[in-house]
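Taking it in order: structure first as structure tokens, then the write-up.
Just so it is clear: chains get the letters A, B, ... in the order the sequence lines come, proteins before strands, and each one is counted from 1.
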2 protein chains.
Amino acid sequence: MPLSTPPAVDQKETLRLARTFAALGDPTRLKIALTLATGEMRVQGLADLLGISPSAVSHALRRLKDLALVRHRADGQNRWYSLDDGHVAAILQTGLEHVRE
Amino acid sequence: MPLSTPPAVDQKETLRLARTFAALGDPTRLKIALTLATGEMRVQGLADLLGISPSAVSHALRRLKDLALVRHRADGQNRWYSLDDGHVAAILQTGLEHVRE
DNA sequence: TTAATATATGAAAGGATATTCATATATACA
DNA sequence: TGTATATATGAATATCCTTTCATATATTAA
């Protein structure tokens with residue numbers, strides 16, 4: 001889908017976009033994102049399901065949260081994480097279609 | 001967009017998807033991809049436009065090509081690079097929408 | 001063939017980064 | 001209160017990765 005004009009993407013926007021893709025470019029964080037695409041989960045649940053330490057999960061979630069890829073709601077001492085919006089699910093979906101073709 | 005069932009994403013597919021996002025997660029490669037979204041270009045043209053050495057551009061393009069994010073057609077000693085398919089443009093576009101919201 | 005141009009490639013170094021470990025915070029429960 | 005549980009955080013290290021530099025390959029022109 002070539003465009004007729006150069007994209008108006010400034011440097012700051014480009015760097016943020018790069019950090020966004022890089023966040024999904026780590027296997028651990030990507031697994032977390034793909035899992036959250038199925039519904040909300042707690043840190044411990046993700047750790048158990050993926051076989052990663054809760055600390056590593058928490059670090060990963062912070063990174064995803066900084067870039068607005070995930071969000072969470074508090075519930076007592078628990079935090080239920082989910083994907084932040086439809087864009088994230090769409091990016092994951094399109095990415096999957098690409099690697100599957 | 002929560003799904004009703006866990007996504008059927010096997011380990012191999014997940015790793016390839018992670019490598020795909022990681023490829024777009026480097027500022028240099030992302031700039032190249034965004035530029036190619038406007039049309040095909042040669043290595044030298046990308047190097048001049050982005051202020052990067054042709055060697056660095058070539059390394060970046062190889063990585064993008066390995067993951068089927070870009071393709072090229074030969075033309076004498078030149079190679080005209082372009083985005084590989086619509087998925088790539090869609091991922092870039094959705095990513096931009098996300099960082100802009 | 002020789003020279004020139006365009007691109008690719010391998011190795012190495014410097015910088016970025018994910019995980020671990022120890023600790024901190026926050027909430028719930030007794 | 002004090003204890004247990006859930007999560008977060010900082011520092012350190014070990015690993016990964018991008019760029020540079022030198023060189024190689026390929027194509028064109030002379």
Side-chain angles (χ1 to χ4, degrees), chain A residues 11 14-36 39-84, chain B residues 11 14-36 39-84:
Chain A
Q11 177 77 352
T14 300
L15 292 181
R16 181 167 174 94
L17 184 55
R19 295 216 315 140
T20 299
F21 285 134
L24 295 175
D26 172 72
T28 295
R29 289 188 300 257
L30 179 60
K31 285 173 196 168
I32 289 174
L34 289 171
T35 301
L36 293 181
E40 62 182 3
M41 270 211 181
R42 295 179 309 126
V43 175
Q44 197 60 247
L46 288 165
D48 292 343
L49 180 66
L50 302 175
I52 316 167
S53 74
S55 177
V57 171
S58 185
H59 277 292
L61 284 170
R62 174 156 63 151
R63 181 85 173 266
L64 292 171
K65 191 159 187 307
D66 285 345
L67 293 160
L69 293 170
V70 306
R71 57 194 172 81
H72 70 80
R73 65 182 178 84
D75 168 33
Q77 70 266 55
N78 301 313
R79 292 194 175 181
W80 293 90
Y81 280 88
S82 55
L83 293 191
D84 188 82
Chain B
Q11 177 76 351
T14 301
L15 292 182
R16 181 168 173 94
L17 184 55
R19 295 216 313 142
T20 299
F21 285 133
L24 296 174
D26 173 71
T28 295
R29 288 188 299 257
L30 179 60
K31 286 173 195 167
I32 289 174
L34 288 171
T35 301
L36 294 182
E40 62 182 4
M41 271 211 181
R42 295 179 308 126
V43 174
Q44 197 59 246
L46 288 165
D48 292 343
L49 180 66
L50 302 175
I52 315 167
S53 73
S55 177
V57 171
S58 186
H59 276 293
L61 285 169
R62 174 158 62 151
R63 182 82 175 268
L64 292 171
K65 191 157 187 306
D66 284 346
L67 293 159
L69 293 170
V70 307
R71 58 194 171 80
H72 71 81
R73 64 180 179 85
D75 168 33
Q77 70 266 54
N78 302 314
R79 291 193 175 183
W80 293 89
Y81 280 88
S82 55
L83 293 190
D84 188 80

- Round to a whole Å and report the spacing from CZ of A/Phe21 to P of C/dA16. 22 Å
- Note on the structure: From CG of B/Leu30 across to P of D/dT18 the rounded distance in Å is 13 Å
- A/Asp66 CG - C/dT17 C1' separation (whole Å): 15 Å
- Name all pairs fulfilling the salt bridge (charged side-chain N to carboxylate O under 4.0 Å, His left out) condition that reach into residues 17-30 of chain A, sequence neighbours left out, sorted by first residue then second. none
- Message: Rounding to an integer number of Å, can you tell me how far B/Met41 CE sits from C/dA6 P?
- Response: 15 Å
- Task: Let me know the distance between CZ of A/Arg42 and P of D/dA8, rounded to the nearest Å.
- Result: 12 Å
- Item | Listed partners of B/Tyr81 passing ring pair (Phe, Tyr, Trp, His ring centres under 6.0 Å), at least two apart | B/His72
- Message: Tell me which pairs pass salt bridge (charged side-chain N to carboxylate O under 4.0 Å, His left out) where either residue lies in residues 66-80 of chain B, with sequence neighbours left out.
- Response: B/Glu40-B/Arg73
- Task: Quickly work out the A/Tyr81 OH to D/dT7 P distance and round it to whole Å.
- Result: 8 Å
- Task: Send over the distance from B/Arg62 CZ to D/dT25 P, rounded to a whole Å.
- Result: 14 Å
- Message: Without decimals, in angstroms, what is the distance between B/Leu64 CG and D/dT18 P?
- Response: 10 Å
- Measure the spacing between CG of A/Leu17 and CG of B/Leu24 and express it to the nearest 0.5 Å. 8.0 Å
- Message: Please confirm whether the shortest side-chain N or O distance from B/Arg79 to OP1 or OP2 of C/dA8 is below 4.0 Å.
- Response: yes
- Query: What string of B, S and - do you get for nucleotides 18-30 of chain C 5' to 3' if you count protein non-hydrogen atoms under 4.0 Å?
  - Reply: SBBBB----SS--
- Between NZ on residue B/Lys31 and CG on residue B/Leu34, distance to nearest 0.5 Å: 10.0 Å
Output a table of donor-acceptor pairs, distance under 3.5 Å, between side-chain atoms of residues 41-63 of chain B and any protein atom two or more places apart or on a different chain; print 'none' if there are none.
{"unit_1": "B/Arg42", "atom_1": "NH1", "unit_2": "B/Asn78", "atom_2": "OD1", "d": "3.3"}
{"unit_1": "B/Ser53", "atom_1": "OG", "unit_2": "B/Ala56", "atom_2": "N", "d": "3.1"}

